[in-house]
> 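One structure is given below, represented as structure tokens, and several questions about it will come after.
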Amino acid sequence: MLKEQLMQVEENIQKACKRAGRSRDEVTLIAVSKTKPVEVLQEAYDLGVRVFGENKVQELTQKYEALPKDIQWHMIGHLQTNKVKYIVDKVAMIHSVDSLKLAETIEKEAERKNCIVKILVEVNVAGEESKYGLKMEEVLPFVEIISTFKHIRVCGLMTIAPFVEISEENRTIFKNLHKLSVDINNKNIDNVSVSILSMGMTNDYEVAIEEGADMVRVGTGIFGVRNYAV
Ligand SMILES: *Cc1c(COP(=O)(O)O)cnc(C)c1O
């Protein structure tokens, strides 16, 4: 079942790339494996998956220890400052940087571990009360500040679009995040560049790709529904 679902997602990504006139290798599929046991991740690994997304520090570090070392782990969930130290030298990227305090903590812990951490700034494009992330107008000043940090590399922007039944309804969200990144890059500020867009989940990754997503985060579409009770 996992194999079929993975193949289906891959096919959908290829079609979306084609519609958008983009090359397939412009888009990274992040297999969001949160709540799934190590055996299931191993199965995905055996099918060729090397990029996984997790949203909890403890779960990420446990899976990191248990699984092959050529996996790229993406931290996609809200990150508490006191947990940063457990992951800075283990993750390929942190997608959920949403405060100066968090960025400063990542800088400090990365310096301590002598590594450079790639990060994305989380943007609350729709302005939903319930969501983490910076407001659109806060992003540029924030990026200007943290781009000066020596142990952080600001790579781009991330958003979690609202849950909608019809993916088309999120197209404007993705367009707006894309436009924000273009606007920031056009300012040509030294050391400031936001080229990667992490947007699109199971319900809307195809629309996100059409609107310029470089990374899509797909969980349910690959692994099936999550059971939070276990
Ligand atoms: C869980 C999660 C996803 C994947 O969601 P699906 O709808 O299962 O594809 C993507 N991004 C973030 C930040 C998540 O927490």
Side-chain angles (χ1 to χ4, degrees), residues 1-2 4-13 16 27-37 40-41 43-44 47 49 51-63 71-80 83-84 87 91-99 102 106 118-134 139 155-171 173-174 177 196-230:
M1 199 163 80
L2 178 58
E4 282 71 34
Q5 289 175 168
L6 197 55
M7 282 169 62
Q8 185 63 60
V9 171
E10 177 53 39
E11 190 185 317
N12 294 341
I13 291 175
V27 180
T28 301
L29 169 61
I30 299 175
V32 177
S33 47
K34 63 193 188 197
T35 78
K36 300 294 170 184
V40 173
L41 278 73
E43 202 184 326
L47 291 164
V49 177
V51 188
F52 290 88
E54 289 285 338
N55 69 337
K56 293 214 161 62
V57 167
Q58 200 186 355
E59 198 175 337
L60 190 153
T61 52
Q62 280 171 0
K63 288 172 175 173
I71 290 176
Q72 293 174 35
W73 295 98
H74 288 248
M75 176 60 190
I76 61 173
H78 183 66
L79 181 55
Q80 287 170 288
K83 294 189 176 160
V84 168
I87 61 161
V91 291
M93 193 173 273
I94 299 174
H95 291 228
S96 42
V97 177
D98 59 356
S99 75
L102 177 58
I106 294 170
K118 293 183 179 174
I119 67 113
L120 302 176
V121 174
E122 182 168 350
V123 188
N124 186 355
V125 180
E128 289 175 286
E129 288 282 340
S130 60
K131 291 255 168 76
Y132 292 108
L134 273 69
V139 177
C155 297
L157 308 176
M158 175 273 222
T159 198
I160 302 174
F163 180 83
V164 290
E165 295 292 338
I166 304 158
S167 59
E168 204 54 46
E169 291 174 15
N170 277 337
R171 189 178 291 277
I173 303 280
F174 301 139
L177 191 70
I196 294 177
L197 297 177
S198 167
M199 55 188 197
M201 308 179 12
T202 295
N203 282 323
D204 52 25
Y205 64 93
E206 292 154 279
V207 176
I209 290 170
E210 289 169 13
E211 296 304 332
D214 302 284
M215 293 181 171
V216 291
R217 311 177 307 266
V218 181
T220 316
I222 296 173
F223 296 107
V225 292
R226 287 178 288 273
N227 182 358
Y228 285 102
V230 291

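Keep in mind that this is a model prediction, so the values were computed, not measured. Order of appearance sets the numbers: ligands from 1, and atoms from 1 within every ligand. For reference, positions follow the sequence shown, starting with 1.
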> Which residues satisfy the ring-ring contact (aromatic ring centres under 6.0 Å, His included) test with Tyr205, sequence neighbours excluded?
none
> According to the interplanar angle, ranging from 0 to 90°, do the rings of His78 and Tyr132 count as parallel (below 30°), tilted (30 to 60°) or perpendicular (above 60°)?
parallel
> In chain order, what residues pass the side chain to side chain contact (heavy atoms under 4.5 Å, CB included) check against Asn124, with sequence neighbours excluded?
Glu128, Lys131
> Under a 4.0 Å heavy-atom cut-off, which residues neighbour ligand 1?
Val32, Lys34, Ile76, Ile160, Met201, Thr202, Arg217, Val218, Gly219, Thr220, Arg226
> Atom CD of residue position Glu169 - does it have more than 12 heavy atoms of other residues, nucleotides or ligands inside 6.0 Å?
yes
> Can you name the salt bridge (Lys or Arg N to Asp or Glu O under 4.0 Å) partners of Asp98, sequence neighbours left out?
none
> Check whether more than 12 heavy atoms from other residues, nucleotides or ligands sit under 6.0 Å from atom CD of Glu4, and answer yes or no.
yes
